Amino acid sequence: MAKEITPRSEDYSQWYLDIVHKARMADNSPVRGCMVIKPHGFAIWEKMRDALDAMFKETGHVNAYFPLFIPKSFLSKEAAHIEGFAKECAVVTHYRLKNDPNGGGVIVDPEAKLEEELIVRPTSETIIWNTYRDWIQSYRDLPILINQWANVVRWEMRTRPFLRTTEFLWQEGHTAHASAEEAIVETRQMLDVYAQFAEEFMAMPVIKGVKTANERFAGAVDTYCIEALMQDGKALQAGTSHFLGQNFAKAFDVMFLNKENQQEHVWATSWGASTRLVGGLIMTHSDDDGLVLPPKLAPIQVVIVPIPKPAAELTEVATKIAAELRAKGISVKIDNDEQNRPGFKFAEYEMIGVPVRLGLGARDLANNQVEVARRDTKEKANVSLDGIAEHVANLLDDMQRNLFERAKAYRDSHITPVDTWEEFENVLETKGGFVSAHWDGTSETELAIKERSKATIRCIPIDNPLEDGACILTGNPSTQRVLFARAY
RNA sequence: CGGGAUGUAGCGCAGCCCGGUAGCGCACCUGUUUUGGGAACAGGGGGUCCCAGGUUCGAAUCCUGGUAUCCCGACCA
């Protein structure tokens, strides 16, 4: 075994890192906290990006691009916003290097100090709202429905590939509206888009909810989120959608003349999802043999491996099968490499998460069949070459469904209602997952619970049923259960 | 920024205690035989031993000072 993956049961964190490296998703970079996204990892991100982008377009959004650098002064205009991001901003102070006169290589040229320092965007609300001010005069200019695909930088203390990196790729939508109601509808619509994407494409079940004040985006009135559950019982915030109220419009003085001829501040939303989703995808489905990808996001959906090695007649049949599959919109690779043996190839394609493998040898040709191996269950079956494309298409659909159902069954069995503090701690320690418990609604209590248990309130689910109860920590009256979990 | 650990070939490590001119596995290159679940054999290439100083005839090894990374905490998508 040339490429062993640490089993999940032994060390989940190491398992995750092994998958990232051995499935050729990403490499470390010379800069702490940054990563090189390799072609296979990037191809998965591209599939996600394309699917999300199409959904954004369908809901009326257009793409634009705003600059990487933001004047430092912009960030200080919205009080909560600066509070939230100040501690993790990269700052550009100079614009030139020069050779060290003492021979120490290049140094920052002290002569080239910027008058106003620039912030590398941690998010783009400020630069965008500074721009929107010039774009908006009347209600006729609204709504503005813009998204951008970009990189952002947040100087995190501790990082992990995809899940939390110093620089990451994401999309950020920034919309401007003439009324609070319309902005709230937009916020909720985009939350639905994220949830639909997560479940239909990533096969990752999510819970839609609202964040508490502590967990809210800096500068938002309300933050909505989708929360997913990873195999180790920790929660992952997989997308957020914010109702920003008039906070940024006020900070950047963005007014519009409404139908009644009165000046009013513009209502705003922002929403984002990042390369963190790739990490979530890994931790939702993959196993000790490597990456497991839902067919809809797999860069290669089917690989055909000639056995024992490529031969003219095998290649001929493989090419014919590939053509039939491609006609159905399925992406196929024929592995005609003669250097590696079939066993090596089997392991390799399992490692990188190719959903379906077709093994084709002389024995199969004689029987007019092919060996079909599915990645999710690792089952193998001999299938007739007649109607093989139909069979594989159905199999891919079945796998997409199966991965979702499997993840959902795990998630559903890991939402545990508890009514005492002892149970609460016990479930977090032994079982993990979401804990559904009463909370008195105060930030003080939430922080005290976090302090003692390391669990945070992931969200208050949308359409959460009301139920009288007593707070898990303080015993104070509560009107509903909320979802706690330890989180990434 | 506190506590702990580690820097030796692309990756993973041994050697360090007890100083003598660097080794193992994987990967890589060449060749032969192989090939239905990670092939075998033979040959080969590859090193500022983290950096800088010091001790010494001689330093990967001992001493001093830096530095980087990782893990555990405080903070976060």
Side-chain angles (χ1 to χ4, degrees), chain A residues 1-6 11 13-14 17-18 21-22 24 27-34 83-89 104-105 122-123 151-160 162-172 194 211 214-218 220 223 225-228 235-242 270-280 289-290 305-311 314 335 337-352 357-367 369-371 373 378 380 382 447 450-451 454 456 458-459 487-488:
Chain A
M1 297 285 272
K3 291 188 178 177
E4 289 226 347
I5 294 177
T6 305
D11 184 343
S13 298
Q14 191 57 49
L17 290 173
D18 285 352
H21 292 128
K22 290 174 179 169
R24 305 198 293 263
D27 275 349
N28 293 326
S29 92
V31 178
R32 173 194 153 75
C34 294
E83 180 75 18
F85 286 106
K87 294 180 297 261
E88 51 189 40
C89 284
T123 179
N151 58 339
V152 288
V153 168
R154 297 182 187 174
W155 217 264
E156 299 288 352
M157 302 303 281
R158 294 182 62 189
T159 60
R160 309 183 70 191
F162 294 108
L163 293 173
R164 172 165 290 107
T165 48
T166 298
E167 178 192 14
F168 57 94
L169 307 183
W170 78 343
Q171 57 69 217
E172 45 180 327
Y194 287 141
K211 288 291 190 188
N214 283 327
E215 301 284 325
R216 191 181 291 152
F217 173 73
T223 287
C225 62
I226 53 172
E227 292 285 328
L236 182 81
Q237 178 175 312
T240 50
S241 184
H242 315 290
S270 69
W271 26 276
S274 72
T275 36
R276 160 176 269 201
L277 289 175
V278 177
D289 294 317
V305 180
I307 301 167
K309 63 179 177 183
L314 292 178
D335 188 342
D337 180 291
E338 299 202 25
Q339 302 306 313
N340 293 311
R341 300 149 62 103
F344 179 88
K345 293 177 180 177
F346 294 172
E348 197 67 12
Y349 290 114
E350 280 160 13
M351 183 80 75
I352 67 170
R357 182 186 73 236
L358 303 183
L360 188 65
R363 198 194 297 163
D364 302 296
L365 284 192
N367 297 323
Q369 65 181 27
V370 64
E371 182 188 77
K378 304 207 64 183
K380 291 190 278 197
N382 291 318
L447 289 172
K450 181 180 178 183
E451 181 75 20
K454 303 205 194 311
T456 50
R458 300 319 302 159
C459 69
Y488 279 99

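Here is the naming used below: chain letters follow the sequence lines, and residue numbers restart at 1 for every chain. Because the structure is a prediction, the values reported are computed rather than measured.
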Visitor: Between A:Glu348 (CD) and B:A39 (C1'), how many Å, whole number?
Guide: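 Computing the A:Glu348:CD to B:A39:C1' distance gives 15 Å.
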
Visitor: Which nucleotide sits closest to the side chain of A:Phe344: B:G37, B:G36, B:G38?
Guide: B:G38

Visitor: Could you check which nucleotide pairs with B:U69 in any of the strands shown, counting Watson-Crick or G-U wobble with both distances under 3.5 Å?
Guide: B:A5

Visitor: Taking only Lys NZ, Arg NE, NH1 and NH2, and the carboxylate oxygens of Asp or Glu, determine whether A:Glu348 and A:Lys22 approach each other closer than 4.0 Å.
Guide: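 Salt bridge between A:Glu348 and A:Lys22, a charged N being under 4.0 Å from a carboxylate O: no.
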
Visitor: On a plain distance test, is the side chain of A:Glu371 in donor-acceptor contact with the base of B:G37 below 3.5 Å?
Guide: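 Not at all, since no donor on one side and acceptor on the other fall under 3.5 Å apart.
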
Visitor: Would you mind reporting whether A:Lys211 and A:Gln237 have side-chain heavy atoms less than 4.5 Å apart?
Guide: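 They are in contact (side-chain heavy atoms under 4.5 Å apart), so the answer is yes.
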
Visitor: Does A:Arg32 make a side-chain N or O approach to OP1 or OP2 of B:C70 shorter than 4.0 Å?
Guide: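 So the side chain of A:Arg32 is within the cut-off, an N or O lying under 4.0 Å from OP1 or OP2 of B:C70.
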
Visitor: With sugar-phosphate meaning primed atoms plus P, OP1 and OP2, does A:Leu236 contact a base, only sugar-phosphate, or nothing at under 4.0 Å between heavy atoms?
Guide: nothing

Visitor: Any donor-acceptor pair under 3.5 Å linking the side-chain atoms of A:Asp11 with those of A:Thr6?
Guide: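 Judged by distance alone, the side chains do not pair up.
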
Visitor: For B:A74 versus B:G3, give the span between their P atoms, rounded off to a whole number of Å.
Guide: 16 Å

Visitor: Report the residues that fulfil side chain to side chain contact (heavy atoms under 4.5 Å, CB included) with A:Ala235, sequence neighbours left out, ordered by chain and then residue number.
Guide: A:Glu227, A:Phe434, A:Arg458, A:Ala485, A:Ala487

Visitor: Would you please name every residue forming a side chain to side chain contact (heavy atoms under 4.5 Å, CB included) with A:Lys380, sequence neighbours left out?
Guide: A:Arg357, A:Glu371, A:Ala373

Visitor: Under 4.0 angstrom, heavy atoms only, what part of the nucleic acid is A:Asp364 near: base, sugar-phosphate, or nothing?
Guide: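 Base, at least one base atom sits under 4.0 Å.
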
Visitor: Return the set of residues passing side chain to side chain contact (heavy atoms under 4.5 Å, CB included) with A:Ala311 (not counting sequence neighbours), or none when no residue passes.
Guide: A:Glu313, A:Leu314

Visitor: With both distances kept under 3.5 Å, what pairs with B:G36, Watson-Crick or G-U wobble?
Guide: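 Pairing partner, where one exists within any strand: none, as none qualifies.
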
Visitor: Would you mind reading off the distance between A:Arg160 atom CZ and B:C70 atom C1', rounded to a whole angstrom?
Guide: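 Atom CZ in A:Arg160 sits about 13 Å away from atom C1' in B:C70.
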
Visitor: Between A:Trp271 and A:Tyr194, how do the two ring planes meet: parallel, tilted or perpendicular, split at 30° and 60°?
Guide: perpendicular

Visitor: Who pairs with A:Trp170 by ring-ring contact (aromatic ring centres under 6.0 Å, His included), at least two apart in sequence or on another chain?
Guide: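 Expected list: A:Phe168.
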
Visitor: For A:Asn151, give me all partners under side chain to side chain contact (heavy atoms under 4.5 Å, CB included), at least two apart in sequence or on another chain.
Guide: A:Tyr65, A:Leu68, A:Arg121, A:Glu167, A:Leu169

Visitor: For A:Glu156, answer base if it contacts any base atom (sugar-phosphate contacts may also be present), sugar-phosphate if it contacts only those atoms, and nothing otherwise; contact means non-hydrogen atoms under 4.0 Å.
Guide: base

Visitor: When the P atoms of B:C24 and B:A42 are considered, how many whole Å apart are they?
Guide: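 Per the computed distance, 14 Å lies between those P atoms.
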
Visitor: Let's see if you can work this out: which of B:G36, B:A77, B:C75 has an atom nearest to the side-chain heavy atoms of A:Ile307?
Guide: B:G36

Visitor: Consider the side chain of A:Met351, meaning its heavy atoms from C-beta on, and name the nucleotide among B:A77, B:U35, B:G38 that approaches it most closely.
Guide: B:G38

Visitor: For A:Glu172, which contact category applies under a 4.0 Å heavy-atom criterion: base, sugar-phosphate, or nothing?
Guide: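 If one applies the 4.0 Å heavy-atom cut-off, A:Glu172 turns out to touch nothing in the nucleic acid.
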
Visitor: Under 4.0 Å between any heavy atoms, over every strand shown, what does A:Phe168 touch: base, sugar-phosphate, or nothing? Just pick one.
Guide: base

Visitor: Mind listing the N/O atom pairs, protein and nucleotides 2-7 of chain B, below 3.5 Å?
Guide:
none

Visitor: Quick one: label A:Thr275 by what it contacts on the DNA or RNA (base, sugar-phosphate, nothing), any heavy atom closer than 4.0 Å.
Guide: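 Answer is nothing: A:Thr275 stays at 4.0 Å or more from every strand.
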
Visitor: Within this structure, what is the OH-to-P distance between A:Tyr349 and B:G38, rounded to whole angstrom?
Guide: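 Answer to the nearest Å: 16 Å.
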
Visitor: CG of A:Leu17 versus C1' of B:C71: gap in Å, rounded?
Guide: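 Spelled out: CG on A:Leu17 to C1' on B:C71 is 12 Å.
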
Visitor: What's A:Ala238 touching, base or sugar-phosphate or nothing? Going by heavy atoms closer than 4.0 Å.
Guide: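 Nothing, no heavy atom under 4.0 Å.
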
Visitor: Nearest whole Å is fine: how far is B:C75 C1' from A:Glu215 CD?
Guide: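 Going from CD in A:Glu215 over to C1' in B:C75 covers 12 Å.
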
Visitor: In whole angstrom, give the distance that lies between atom CG of A:Asp335 and atom C1' of B:G36.
Guide: 15 Å

Visitor: Figure out the CD/P separation between A:Glu167 and B:A77, and round it to whole Å.
Guide: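 Rounding to the nearest Å, CD of A:Glu167 and P of B:A77 are 18 Å apart.
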
Visitor: What is the nucleic acid contact for A:Lys380, judged by heavy atoms within less than 4.0 Å: base, sugar-phosphate only, or nothing?
Guide: base

Visitor: Scan every strand shown for a Watson-Crick or G-U wobble partner of B:C16, both distances under 3.5 Å, and answer none if you come up empty.
Guide: none

Visitor: Nearest whole angstrom, please: distance from the C1' of B:C1 to the CH2 of A:Trp155.
Guide: 16 Å

Visitor: Nearest to the side chain of A:Arg341 - B:G38, B:G36, B:A77?
Guide: B:G36

Visitor: Applying the Watson-Crick and G-U wobble criteria at under 3.5 Å, what pairs with B:A74? Answer none if nothing qualifies.
Guide: none

